[in-house]
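Notes follow once the structure below has been shown.
Protein chains get the first letters and strands the later ones, always in sequence-line order, with residue 1 at the start of each. Predicted model, so just to flag it, every value in this text is computed and none were measured.
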Protein chains: 2
Amino acid sequence: MQLSLHTDYALRTLMTLATEDRLMTVDELATVHAISRNHLAKVVQHLQARGWIDTVRGRGGGIRLAMLPAEIGVGQVVRNFETLDSFVACMADGSSCTITGACGLKPALRGALEAFLAHLDRFTLADIARDRSGLKALLAG
Amino acid sequence: MQLSLHTDYALRTLMTLATEDRLMTVDELATVHAISRNHLAKVVQHLQARGWIDTVRGRGGGIRLAMLPAEIGVGQVVRNFETLDSFVACMADGSSCTITGACGLKPALRGALEAFLAHLDRFTLADIARDRSGLKALLAG
């Protein structure tokens, strides 16, 4: 059980932008976090489409938060990037599970996923990016 | 975000054994659920090592529950089969995340996973295998 790479990258991008008060490029973010530039570019597109970041094009351009960190919910971000409707094979459309209907597992797992997300709903980007010392040091380095 | 194949198979195996009052073979379980026999055999070994099922060897042998369904917690099974300490890259040993220490995300995710498991702790195998009609029909067919 793992958070998807895209959710991971989305959260790291938002946290980094929350600690900076300037435009950052995708290249810069990929380098700072030592992650794939191609995957990150897709994540950035999604973050922009969702209205969480702004893009400034051209020389000296880059991306920045389009909202205050306190306005971006961690639960919302995870809901947007995770595919939760195939959490177990039996939840997916066209499931090959042979006991669907006889099974009380699915509602139990759905409830557990709701509890997972409800916990994350208690945090905003401002909460999880609160300790900026490490990030600042990294960005200065 | 997905439950691992092995957790999925473990739960299906336990649910099927809970509906039957007899020995079943790994071959039979693999056929009924249309799942990989090899993966299922590994899961069955793990279930046996954990004390949840008994194996009877030889002709006419097979596996059966070693406890009452009400004694097997769904949360316990998931904890035993899932690898949760690498839920995001930053949680794993030797993580390549560059902002560990500056990050308030990890404790938030840990709390969310605990909420997920705490919800599953409210169910036993007896709860999730309660509606036996579908399984019985499947096994009869």
Greater than 12 external heavy atoms within 6.0 Å of A:Arg64's CZ: no

Looking only at A:Ser4, A:Pro107, A:Ala108, most heavy-atom pairs under 4.5 Å shared with chain B are made by A:Ala108

Legend entry - Same apolar cluster: B:Met67 and B:Leu29, side chain cutoff 4.5 Å: yes

When rounded to the nearest 0.5 Å, the distance separating CG of A:Asp8 from CG of B:Leu109 is 9.0 Å

Note to self: Grouping I, L, V, M, F, W and Y whenever their side-chain heavy atoms are under 4.5 Å apart, do B:Leu23 and B:Ile72 come out in a common cluster?
What the structure shows: no

Between B:Phe116 and the options A:Glu114, A:His119, A:Met1, the side chain to side chain contact (heavy atoms under 4.5 Å, CB included) test singles out A:Met1

